[in-house]
Amino acid sequence: QVQLVESGGGLVQAGGSLRLSCAASGRTFSRYAMGWFRQASGKERAFVATISWSGGTTYYADSVKGRFTISRDNAKKSVYLQMNSLKPEDTAVYYCAAGSPPSGSDRGADYGSWGQGTQVTVSS
């Protein structure tokens, strides 16, 4: 397992940008696929994006495609989520997750390690 700590959340106006970071500890970070999920108040946790262990394959939820970009730096044991053109409906707690899911999995159950989350609030 890896330990994950998210950062970079905050309050931003609609149309703005934020970059979330997730720092991992542990020697095996580069073996894991990484994902970002989010949970809005009163709603179920939802898939946002995932990236393969090499960074060569990425998948996105339709709701963020074209606006969000997931990336990773294995040397820094970090994964990032660049969020552009933010909308009020993007408001949520964002979690990063690590695991060995089937390629492109959007199921939270396929990821074994989770961070504590970082709040993103988009004002209209």
Side-chain angles (χ1 to χ4, degrees):
Q1 281 193 338
V2 293
Q3 288 73 49
L4 304 171
V5 178
E6 303 93 337
S7 62
L11 174 63
V12 64
Q13 288 189 331
S17 298
L18 281 175
R19 188 192 193 211
L20 304 184
S21 298
C22 175
S25 61
R27 295 180 295 175
T28 58
F29 173 79
S30 62
R31 298 181 184 178
Y32 293 107
M34 299 296 296
W36 285 97
F37 291 76
R38 66 187 182 185
Q39 187 167 19
S41 180
K43 294 188 177 181
E44 297 286 320
R45 182 177 61 193
F47 168 76
V48 175
T50 186
I51 187 166
S52 62
W53 66 270
S54 68
T57 303
T58 58
Y59 293 95
Y60 297 91
D62 287 343
S63 59
V64 306
K65 205 171 293 183
R67 300 188 298 123
F68 291 10
T69 303
I70 188 171
S71 61
R72 68 188 295 162
D73 185 333
N74 286 342
K76 295 183 178 179
K77 297 183 180 179
S78 293
V79 64
Y80 309 99
L81 186 68
Q82 177 67 42
M83 306 186 296
N84 298 328
S85 301
L86 282 161
K87 304 175 181 180
E89 52 264 44
D90 294 318
T91 295
V93 177
Y94 283 71
Y95 299 90
C96 71
S100 301
S103 180
S105 173
D106 61 358
R107 292 185 349 121
D110 288 333
Y111 296 81
S113 298
W114 293 81
Q116 293 300 305
T118 186
Q119 176 71 47
V120 171
T121 303
V122 184
S123 64
S124 56

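Everything quoted here is computed from the prediction, not taken from an experiment.
The distance between the ring centers of W36 and F47 does not fall below 6.0 angstrom.
Partners of K65 by salt bridge (Lys or Arg N to Asp or Glu O under 4.0 Å), not counting sequence neighbours, listed by chain and number: D62. Residues that satisfy the salt bridge (Lys or Arg N to Asp or Glu O under 4.0 Å) test with R31, not counting sequence neighbours, are absent from this structure.
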- prompt: Under the side chain to side chain donor-acceptor pair (under 3.5 Å) criterion, do Q3 and S25 qualify, and how do the steps go?
  reply: CA-CA 5 Å; Q3 288 73 49; S25 61; 3.1 Å; yes
- prompt: Given the rule in the side chain to side chain contact (heavy atoms under 4.5 Å, CB included) test, do Y32 and V2 qualify, once you have shown the distances and angles that lead to the verdict?
  reply: CA-CA 9 Å; Y32 293 107; V2 293; 3.7 Å; yes
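The side-chain tip of R72 does not point at the ring of Y80 from less than 6.0 angstrom away and within 45° of straight on.
For D73 (side chain) and K76 (main-chain N/O), a donor-acceptor pair under 3.5 Å exists by modelled atom type. Under the 3.5 Å distance criterion, the side-chain polar atoms of K77 are matched with a main-chain donor or acceptor of G26.
Y94 places a side-chain heavy atom less than 4.5 Å from the side chain of M83. Within the 4.5 Å cutoff, no side-chain heavy atoms of S21 are placed close to those of S78. By the 4.5 Å heavy-atom criterion applied to side chains, L4 and W114 are not counted as neighbours. At a threshold of 4.5 Å between non-hydrogen side-chain atoms, the residues T50 and D106 do not count as touching. Taking 4.5 Å as the limit, every side-chain heavy atom of V120 sits out of range of all side-chain heavy atoms of D90. Residues L20 and T118 meet the side-chain proximity criterion, which asks for heavy atoms closer than 4.5 Å. Looking only at side-chain heavy atoms (C-beta outward), L81 and F68 come within less than 4.5 Å of each other. You'll find the side chain of S63 reaches within 4.5 Å of the side chain of R38, heavy atoms only.
Separating the CZ atom in R19 from the OG atom in S17 is a distance of 12.0 Å, to the nearest 0.5 Å. To the nearest 0.5 Å, atom CE of residue M34 and atom CH2 of residue W53 are 15.0 Å apart. In this structure, Q82 CD and R67 CZ are separated by 12.0 Å, a value rounded to the nearest 0.5 Å. Taking OG1 of T69 as the start and CG of N84 as the end, the distance is 6.5 Å to the nearest 0.5 Å. Atoms SG and CD, on C22 and E6 in that order, are 5.0 Å from each other to the nearest 0.5 Å.
Within the structure, the disulfide (SG to SG under 2.5 Å) test picks out no pair touching residues 34-63 (sequence neighbours left out).
Between S105 and P101, the closest heavy-atom pair is CB-CB, 3.5 Å. Of all heavy-atom pairs spanning V122 and T91, the tightest one is N-OG1, 2.9 Å. The two atoms that bring V12 and L18 nearest to each other are CG1-CD1, 4.0 Å, heavy atoms only. Between I51 and S71, the shortest heavy-atom distance links the atoms CD1-CA, 3.7 Å. The minimum heavy-atom distance linking P102 with D110 is given by the pair CD-OD2, 3.6 Å.
Y95 and I70 are members of different hydrophobic clusters when ILVMFWY side chains are connected at heavy-atom separations under 4.5 Å.
Classified by interplanar angle (parallel below 30°, tilted 30° to 60°, perpendicular above 60°), the ring pair F37/Y111 is perpendicular.
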